[in-house]
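Note that these values count all heavy atoms, side chains included, but never hydrogens, waters or copies made by symmetry. All figures in this text were calculated on a predicted structure; none of them were measured in a lab.
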Amino acid sequence: MLDIDYGTYPYVTSSSTAIGGVCTGLGIPPKQIGKTIGVVKAYTTRVGGGPFPTELLDDVGTHLQEVGREYGTTTGRRRRCGWLDLVVLKYSCLINGYDALNITKLDVLDQLREIKIAVAYKLDGKELAGFPADLEVLSRVTVEYVTLPGWKTSIENVTSMQELPKEARDYLAFIEDFLKVKIEWVGVGPGRESMISA
């Protein structure tokens, strides 16, 4: 959503962060792009201003910031955190044409009793067809959530998808089913060795 063309302008960066940036920024021909992988946190974050419908300004938001170490690398500024927003992610899938997803930081959700996922936006009681192009509309939407049970146990030492708690597998399955994109990798800890494959 920080892409200068497809993001929430003017709350964007100065470059193309979507798949097209590979061509314009690196000079790689489109036909040389093979598999496109979307790397997505298990919750939503944002740096800087702009509407953020699923933002959490409560203890859960603080938990995501602290456990997820959500601080800017250069500035040290806290990132804004919220529930996973599948409306945004569906838009991202449309723009980038992901072949697969890599879900990172699933372990940050370990201690939550329940986990919400945004599945739709409503404006004045009417569901929107998708992510709105108008920031004024985005700032006024209400979010429809699905609530799933948390797993309340550490997954940091898990080495396969089968070892994940059922609730964690259900969370991932819900994302896959909603987006119709396969999750091929899941991050269960901060280390490079903490990435498991499906």
Side-chain angles (χ1 to χ4, degrees), residues 1-2 37-48 50-73 76-93 98 100-122 131 138 141-198:
M1 301 316 298
L2 299 180
I37 303 164
V39 181
V40 182
K41 290 177 189 172
Y43 50 96
T44 302
T45 63
R46 185 175 179 95
V47 175
F52 186 172
T54 67
E55 184 172 15
L56 293 165
L57 301 172
D58 58 10
D59 291 345
V60 176
T62 301
H63 171 89
L64 296 176
Q65 286 174 331
E66 296 297 329
V67 177
R69 299 184 187 96
E70 295 295 348
Y71 299 92
T73 306
R77 183 172 51 167
R78 280 179 182 248
R79 292 190 186 98
R80 299 160 67 192
C81 297
W83 296 120
L84 182 63
D85 191 334
L86 293 185
V87 179
V88 168
L89 196 45
K90 193 170 188 176
Y91 174 71
S92 184
C93 289
Y98 300 133
L101 294 174
N102 177 345
I103 304 293
T104 66
K105 295 193 170 188
L106 186 64
D107 56 299
V108 174
L109 306 180
D110 279 354
Q111 298 309 314
L112 300 180
R113 186 175 56 82
E114 62 180 28
I115 301 165
K116 294 185 179 183
I117 306 176
V119 295
Y121 291 167
K122 289 186 175 179
F131 190 81
L138 183 62
V141 298
T142 57
V143 182
E144 185 176 316
Y145 291 100
V146 167
T147 302
L148 299 176
W151 41 96
K152 294 288 288 177
T153 188
S154 175
I155 60 171
E156 196 166 338
N157 295 318
V158 165
T159 59
S160 72
M161 297 288 269
Q162 292 72 30
E163 291 177 30
L164 286 172
K166 179 182 182 302
E167 294 84 358
R169 293 195 313 271
D170 288 347
Y171 182 74
L172 297 172
F174 187 93
I175 297 168
E176 275 188 333
D177 186 59
F178 188 94
L179 299 173
K180 306 297 187 249
V181 180
K182 181 158 180 52
I183 295 171
E184 292 193 0
W185 298 273
V186 177
V188 295
R192 186 177 288 266
E193 71 283 355
S194 300
M195 187 64 63
I196 60 177
S197 58

| message | Using only atom types and a distance under 3.5 Å, with no angle test, would you say the side chain of K116 pairs donor to acceptor with the backbone of V146? | response | no
| task | Search all heavy atoms of M195 against all heavy atoms of G187 and return the closest pair with its distance. | result | SD-N, 3.5 Å
| note | In this structure, CG of D85 is separated from OG1 of T45 (nearest 0.5 Å) by 11.5 Å
| Looking at V143 and A118, what are the two nearest heavy atoms and their distance? | CG1-CB, 3.5 Å
| Do L164 and L172 come within less than 4.5 Å of each other through their side chains, counting heavy atoms only? | yes
| said: For a 4.5 angstrom cut-off between non-hydrogen side-chain atoms, does W83 reach I117? | reply: no
| field | Distance, nearest 0.5 Å, that separates CG of L109 from CG of L148 | value | 11.0 Å
| Single hit among R78, R77, K41 for side-chain hydrogen bond (donor to acceptor under 3.5 Å, both in side chains) with E70 | K41
| said: Looking at K90, I want to see if its NZ is surrounded by more than 12 non-hydrogen atoms of other residues, nucleotides or ligands under 6.0 Å. | reply: no
| said: Could you report the tightest heavy-atom contact between W151 and P165, atom names first, then the distance? | reply: CB-CB, 3.7 Å
| Any donor-acceptor pair under 3.5 Å from E176 side chain to I183 backbone | yes
| What distance separates R46 CZ from E55 CD, expressed to the nearest 0.5 Å? | 10.0 Å
| Heavy-atom neighbours of D59 CG exceed 12 at 6.0 Å | no
| request: Kindly compute the distance separating OH (Y145) from CG (L86), expressed to the nearest 0.5 Å. | output: 11.0 Å
| said: Are more than 12 heavy atoms, taken from residues, nucleotides or ligands other than K180, located less than 6.0 Å from that residue's NZ atom? | reply: yes
| Any donor and acceptor pair, going by atom type alone, linking the side chain of H63 with main-chain N or O of V108 inside 3.5 Å? | yes
| remark: Rounded to the nearest 0.5 angstrom, the CD1-CG distance for I196 and L106 is 8.0 Å
| Main-chain N/O of G48 paired with R80 side-chain donor or acceptor, under 3.5 Å | yes
| field | Under 3.5 Å donor-acceptor, Q65 side chain and R79 backbone | value | yes
| For the student: nearest non-hydrogen atoms of L64 and C81, plus distance | CB-CB, 3.9 Å
| message | If you apply the rule side chain to side chain contact (heavy atoms under 4.5 Å, CB included), what do you find for L57 with F52, and how did you get there? | response | CA-CA 11 Å; L57 301 172; F52 186 172; over 6 Å; no
| message | Please enumerate all residues that pass side-chain hydrogen bond (donor to acceptor under 3.5 Å, both in side chains) together with Y98, with sequence neighbours excluded. | response | S92, N96
| message | Is there a side chain to side chain contact (heavy atoms under 4.5 Å, CB included) between M161 and W185? Walk through the geometry before answering. | response | CA-CA 9 Å; M161 297 288 269; W185 298 273; over 6 Å; no
| query | Would you say the side-chain atoms of E66 and T62 include a donor-acceptor pair closer than 3.5 Å? | reply | no
| message | Less than 6.0 angstrom from the centroid, inside 45 degrees of the normal: does K105 satisfy that with respect to the ring of Y43? | response | no
| message | Within this structure, what is the OG1-CD1 distance for the pair T147 and I115, rounded to the nearest 0.5 Å? | response | 10.0 Å
| query | Do you know which two heavy atoms are closest between P53 and L138, and how far apart they sit? | reply | CG-CD1, 3.6 Å
| field | Considering all heavy atoms, the nearest L179-L89 contact | value | CD1-CD2, 3.5 Å
| Parallel, tilted or perpendicular: which describes the rings of Y121 and F131, with under 30° parallel and over 60° perpendicular? | tilted
